[in-house]
Structure formats: C-alpha cells, structure tokens
Amino acid sequence: VTEREIRTDYLARVEGEGAMLVRIRDGSLEEVQLKIFEPPRFFEALLRGRQLTEAPDITARICGICPIAYIASACNAMEQACGVEIGEEIRLLRRLVYCGEWIESHVLHVAMLHAPDFLGYDGAVELARDRRDLVELALRLKKAGNELMRVIGGRAVHPINLRVGGFYRAPSRSELRALVPELEWARGAALELVRWTSGFAFPDFEQDYAFVALRQPGDYPLERGRIVSSTGLDIPVEDYERHFSEEHVERSNALHSTLAGVGPYLVGPLARYALNQGELTPGAKAAAAEAGLGPVCRNPFRSIVVRSVETLYAVEEALRLIESYTPPDPPAVPVEPRAATGCGCTEAPRGICWHRYEIAADGSILEAKIVPPTSQNQKMIEADLAGVVAASLDLPEPELTLRCEQTIRNYDPCISCATHFLRLEVERL
Amino acid sequence: VSGGGEAAVVCLGNRFRGDDAAGLLVGDRLRRAGVPVTECADEPTRLIDGWDGVGTLVLVDAARSGADPGTVRRIELGRAGIPRELGLTSSHAFGIGETLELARELGRLPGRVVVYAVEAGTLAAGAPLTPAVAAALDGVAAAVRAEVGR
C-alpha cells in the first residue's frame, strides 16, 4: 500500500483554523478535507444585546477586505426589520462605495495573490521583479478603489460614515467629481487586467456548478436583489433559510452550506456572471467577449478573468454613478426600532453575504445570524479539489500541492483577513 | 543603512482575536503619548503609499513562533533582505512580510525598518489578552518611542 498525503498550511495562519488534507492511497484519491473558514460565531454572540444601530460597525470588523459587504447586508436587514425605505439616492451612494470595495478586493486578489500561480511565480514579490509595470498598475488601480471608500466611507478601512438608514454625511458632488480622472485611468487599467489574465494558460477543468447569486433587473448585482440560482430558484432574501442550510461537519468546526434538492453550490464571480452578465456595462461585456468567456464559465481557474471583468464593471459603474450623483438630503432616513426580524443580502466580492437579525421593541438585537460567502463555497472548494487532484495524480508532489493551493485561491477565500500576525520560525533574538 | 527623513509607526493586528490585538494596543499607548500611529487591521499593501518620504519605519505586530507568550523581539531589517523569520516562507497569504518585500522590490521601502514582534499566546476570536502579553505592552511602547525620538 502506498499512501500519499498532501497537507498545506499556507492558509493555516492560526493553528486549527485553516488546513487542507489530500489523501491518496494506491494511486487513487481517497479523501479531501478542507478547513479554511471559521464562521463568525463570535460576532453573532457579540451582537446579542447590542443596539441595531451598532450592527454595521461591529460586523464590518469581521473582514478587513470587505467591510462594506457586512455593513450593507446589516443595514439592509435592519431597514427591512424596521420597515424603512432608504430611497434611491441613499441606495445609489451605497452602491457607489460598494464599487470601491469590489475594485480594491478584486485587484488585490487578481494581481497579488492569484496571478502568480498562473505565471510560475512564488508570489507578487517575484512577479514585481519581472513585471514591475503590472504590479504598479495593480497597486494604483487598487488605490482608486480605496479612494472611493475613503471619500464616501470616511476612511479606507472600517468605514465609519455608513449607518442604518443611510450615511452620517453625504459627500458633495465636487468631492466625488474629483475622483473621476483617476477612475477614467482605472477604466483602461482594468481592461488591461482583463487582457492580461485572459492570456494565462488555464488547467482544463470544469464543474457543473449550481450557481447562486443576487439578481436585480437593470443592475449587475451588488447592494440588493432577489436570490436566484441556475437551478431555477428565485426567492426574496428573507426566504434564504427555507432553501439553504448549513450543516456542521464533524471532523472540523466548519459548516457546509447546501441548497435543498441540489446540494453544494457556488457563489461569487462565476455565479454572478453566469446569472447576470446581460446587466454588465457595454465596456465590461465587450471585454468579457474579447476574453472568450462566453455566456457561462464553468472553469473555476478562469474566475481570475471574471474578477477582472467585474473590476472593469465596478469602475464603469462608479463613473456612471458619480456622473448622475445627487447628494441625498437628508443623508439618512430615520429608523424607528420595532420588534421584528429582518434579513439582508448583498454581493460581497466573494459572493452573497447573508444576515438575519431579530430585534426587540427597544432596538436591541436578540439574535444574529451571518452567513459569509466563503462558508457557502467551502463544500464546493472540496469538490473542486477532489476533481483537480483526481485529474492530476501523476503530477509530482510540489506541482500537485501548488495546483491544490491554486484551486483554493480560485475562490479568493476570506481566510487572509482572519488574523494579522507574523509567523516567526526562529525563537531566539 | 541611513534613516533620514520622517519616522512612521505602523501597528498591526486584530482587536477581536486575543493577543493579535497586541500591536494595536501598543498603538493606543503611543497615540496617548502623542506619537502618530497608522493602524492596520486589514490587508497591508495599502500601507506602501504612506511610506514615501519616510526614513525610519517602525512596525509593531503580534507573532507566533513557539516562544513564551509576551516575548518581545526587535528585528532591524538589513540591506541584504528581509530575514526569513519574518514569515515570508508561505506562498501567497499577503501579510506585512510580503508587503515589506514588495516595497523593497518597488524601491519604496524606507531606509530603516524596525519590527517589534510580541509573541502571542492565544489568537482565538474573543479571547482575553494573555497576562504576559499585556505586561509586555508598556515596554514595547517605550521602546518604540525611543526608536522614533518621541
């Protein structure tokens, strides 16, 4: 009996939190185990007893890369619970700041984390050695997204200007117009990103995914919409728990999400694109066509191209929103608490981020439930890994390990923002 | 390595993850003493933009090496490269180590970079600070102030 085990701890920045195990026995795949994401149970507990107005700020701390996703989902849920209509101007400003988050998050992942896999580099540092121009372009493009978040959100990280009901302060037209020249530059840079990534060599691998995304006729999905799937689901966000369930996996603390009658499903760029590409801007549509994406992309390795197309979309959408911007006045609508339950769901860069809150009459939170995108994708990532490994058993160990890591990175998993500490391997000083 | 230009202090971590808050808590102490601090609880590549014109950069972060919790290390980056013990061995998780290396590659790394690493005990979500880590924070803050002449 020959047994091969591949373990990677590249994601294991906290022991016991992120790990992958692939076991191959006698030349065939026996088991794939992945544990890359810790559900935000701590935050759900922290929210209980707090005021509904505190939820956006607290949940924003779950992820340093996509705070707007958590803020927007929490705001939607609280507004639904309290029966508040925020109005078009506030909604569009929320959509605009969300575009900034997509640009920042997508560019970081595409250029710094994922592209090196396809080009044979260990990472962005090695890539910068050979292609300094591309890394500089990516950093500047990412900064254009940061600036949107800073001007609208009050600061680039953990935005403080968003609240249940709207904003504390609406930026002026001129503050937003000042961002236009850099966003015009960013449009060309994002197109370059699409052209660059679409030229990569992609492993020949496809899955018959069940795609799940938001849909809002007239918009590529971001800050609102119904939950739809490629299997025919079409529900309001408050019906999520009737159709989706999280099951606890015994061998780890992970939760596996499934769609009733379907099983594991996929959220994120491939799903949004498959279900909504008709809503892309003309420029993003043309770029997708030029990149050869077709109407549906089932190769997860090509998610890097879809992310680049979505970056271009977010830039063009931001320009459109700034062009037609009217500062909401007042910047927020009043929110009167009432005993109720509300749900909110928005499209984080990694896929739908779903929240439910039960509120008491005094506005305190009785119960919170948060389902982030990576937790929903976890079971699908395992399925991808099993397929990729089964097709690549003849690869030598280092190549197979790298291919597994690349497969996980196809999903841009949220693990990277769980902690920020240095991994010191030498104990003396 | 010359350290002309301004001094900047960056404190990294996550306030909700036990001892991973160490860097940020040192930052709180520095701010109270009037030392300007950049806080980073997200991905760090954006920090590079703040380093133009900076001569001395001091970073404070939690670390994990197997040493006793609360152990403090001072590491001055040399010209030759960023030492391996900064945790650059993993491939793609883009941490502060990778960010420093990227800045060096792009010619944007300050001339003098000093890292204060506080060994963490627990990094579990919601965990309280390990007493030995808490006890180390004042000393690190004082050392950083001496480092930047404040």
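Throughout, a chain's letter reflects where its sequence line sits, starting with A, and its residues are numbered from 1.
The distance from atom CG of B:Leu102 to atom CZ of A:Arg132, rounded to the nearest 0.5 Å, is 9.5 Å. Interatomic distance, B:Arg46 CZ to A:Arg150 CZ, rounded to the nearest 0.5 Å: 12.0 Å. Taken from CD in B:Glu98 to CG in A:Leu113, the straight-line distance is 9.0 Å, to the nearest 0.5 Å. B:Thr45 contributes atom OG1, which lies 5.5 Å from atom CE of A:Met112 (distance to the nearest 0.5 angstrom).
Smallest separation of non-hydrogen atoms from B:Glu101 and A:Arg129: OE2-NH2, 4.1 Å. Taking both residues in full, the closest heavy atoms of A:Phe42 and B:Gly126 are given as CE1-CA, 3.1 Å, listed atom of the first, atom of the second, then distance.
When heavy atoms are compared at a cutoff of 4.5 Å, A:Glu136 approaches chain B solely by way of its side chain, counted from C-beta outward. Only the side chain of B:Asp49 comes within contact range of chain A, with heavy atoms under 4.5 Å apart. Of the atoms belonging to A:Leu127, not a single heavy atom falls under 4.5 Å from chain B.
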Inset, instruction - Please step through side chain to side chain contact (heavy atoms under 4.5 Å, CB included) for the pair A:Leu139 and B:Leu106, ending with a clear verdict. - result: CA-CA 11 Å; A:Leu139 285 174; B:Leu106 299 175; 3.5 Å; yes
